[in-house]
Amino acid sequence: MGYNRQYASQIWHTVQKVPVGKVANYGLIADLSGLPGRARLVGTIMQYAPSEMNLPWYRILKSNGQLAFSKGSPMALKQTEFLAGEGVIVTNNRVNLNQFLWQPDLGELLNMQY
DNA sequence: ACAGTGACAAGTC
DNA sequence: AGACTTGCCACTG
């Protein structure tokens with residue numbers, strides 16, 4: 001259909017790995033999915049994730065900690081709620097990465113499969 | 001075939 | 001801190 005299944009399974013699987021209460025950026029997800037330099041693809045593909053999959057899309061942010069959606073937009077508000085629900089503070093459409101960025105250790109990375 | 005678009009990122013000024 | 005440029009490439013018309 002409208003998107004590449006191979007990319008989708010890799011990306012969705014990686015996004016599922018981001019732990020509750022932490023966030024990651026698009027570039028990191030791309031790297032860990034075996035798609036270095038393909039940050040844009042992550043956002044593109046995540047739109048197609050079926051809702052019943054409960055993909056934690058809201059844990060993925062831009063490289064500077066900003067939400068991908070513009071401030072005040074319905075999606076940004078929803079994302080802010082989801083994050084607040086698990087303890088991640090969003091102020092002025094941005095998250096403090098020093099505090100909430102997911103920093104996987106080598107063990108986690110070596111166990112990652114897709 | 002070709003040009004525009006986009007849930008991005010990093011570098012330069 | 002912004003604004004602008006370049007790199008990325010799947011998808012769409």
Side-chain angles (χ1 to χ4, degrees):
Chain A
M1 308 273 267
Y3 63 92
N4 184 347
R5 301 296 195 142
Q6 179 65 58
Y7 293 158
S9 76
Q10 295 172 204
I11 290 169
W12 291 338
H13 188 89
T14 305
V15 172
Q16 294 283 14
K17 295 286 190 183
V18 182
V20 174
K22 289 292 175 183
V23 300
N25 54 54
Y26 292 91
L28 178 61
I29 297 300
D31 289 348
L32 298 183
S33 299
L35 300 164
R38 311 284 304 279
R40 302 191 72 123
L41 185 58
V42 174
T44 300
I45 291 294
M46 283 209 289
Q47 299 179 295
Y48 300 104
S51 56
E52 59 268 26
M53 164 180 251
N54 289 319
L55 192 75
W57 57 271
Y58 51 87
R59 294 184 191 137
I60 314 305
L61 314 171
K62 294 197 189 188
S63 60
N64 63 359
Q66 284 216 285
L67 306 201
F69 303 102
S70 57
K71 180 182 174 188
S73 67
M75 286 300 282
L77 294 176
K78 187 184 305 182
Q79 184 168 16
T80 298
E81 281 179 31
F82 273 121
L83 289 173
E86 50 188 57
V88 177
I89 303 164
V90 180
T91 52
N92 201 25
N93 216 51
R94 166 160 47 182
V95 169
N96 182 344
L97 294 182
N98 290 320
Q99 190 174 182
F100 298 110
L101 180 64
W102 176 40
Q103 290 167 324
D105 61 44
L106 279 180
E108 282 180 87
L109 297 182
L110 291 173
N111 285 324
M112 276 219 325
Q113 311 287 340
Y114 52 70

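All values reported here derive from a predicted model rather than from experimental measurement. In what follows, chains are A, B, ... by sequence order, proteins preceding strands, each numbered from 1.
Regarding A/Asp31, its CG atom lies at a distance of 9 Å from the P atom of B/dA10, rounded to whole Å. A straight line from CD1 of A/Ile45 to C1' of B/dC8 spans 14 Å, rounded to a whole angstrom. Between the CZ atom of A/Arg40 and the C1' atom of C/dA10 there is a distance of 10 Å, rounded to whole Å. In this structure, A/Leu101 atom CG and B/dA9 atom P are separated by 12 Å, rounded to whole Å. What separates CG of A/Leu77 from P of B/dA7 is a distance of 17 Å, to the nearest Å. Regarding A/Arg59, its CZ atom lies at a distance of 22 Å from the P atom of B/dA7, rounded to whole Å. If you measure from atom CD1 of A/Ile29 to atom P of B/dA9, you get 11 Å, rounded to the nearest angstrom. Rounded to whole Å, the distance from OH on A/Tyr48 to P on B/dG6 is 12 Å.
Spacing between C/dG2 and B/dA7 at atom P, rounded to whole Å, works out to 22 Å.
Relative to the side chain of A/Tyr3, the nucleotides C/dC11, C/dA10, B/dA7 differ in distance, and C/dC11 lies closest. Each of C/dC8, B/dC8, B/dA10 was ranked by its minimum atom distance to the side chain of A/Arg38; first place goes to C/dC8. With C/dC11, C/dC9, B/dA9 as the candidates, the nucleotide lying closest to the side chain of A/Asn25 is B/dA9. Taking only side-chain atoms of A/Leu41, from C-beta outward, the nucleotide of B/dA7, B/dC8, C/dA10 with the closest atom is C/dA10.
Between A/Tyr7 and the phosphate of C/dA10, there is a side-chain N or O to OP1/OP2 separation shorter than 4.0 Å.
By the rule that hydrophobic residues join a cluster once side-chain heavy atoms approach within less than 4.5 Å of another member, A/Val95 and A/Leu77 end up as members of separate clusters.
At a threshold of 4.0 angstrom between heavy atoms, the contacts of A/Asn64 with the nucleic acid are absent. Residue contacts for A/Thr44: at a heavy-atom cut-off of 4.0 Å it reaches no nucleic acid atom on any strand shown.
A/Asn92 places no side-chain N or O within donor-acceptor distance of the main-chain N or O of A/Arg94, the cut-off being under 3.5 Å. Although no hydrogens or angles enter the test, the distance criterion places no donor-acceptor pair under 3.5 Å between the side chain of A/Ser70 and the main chain of A/Ser73. No donor-acceptor pair under 3.5 Å is formed between the side chain of A/Asn4 and the backbone N or O of A/Ile45.
Considering A/Trp57, A/Trp12, A/Tyr7, A/Tyr3 as possible partners of A/Tyr48, the one that fulfils the ring pair (Phe, Tyr, Trp, His ring centres under 6.0 Å) test is A/Tyr3.
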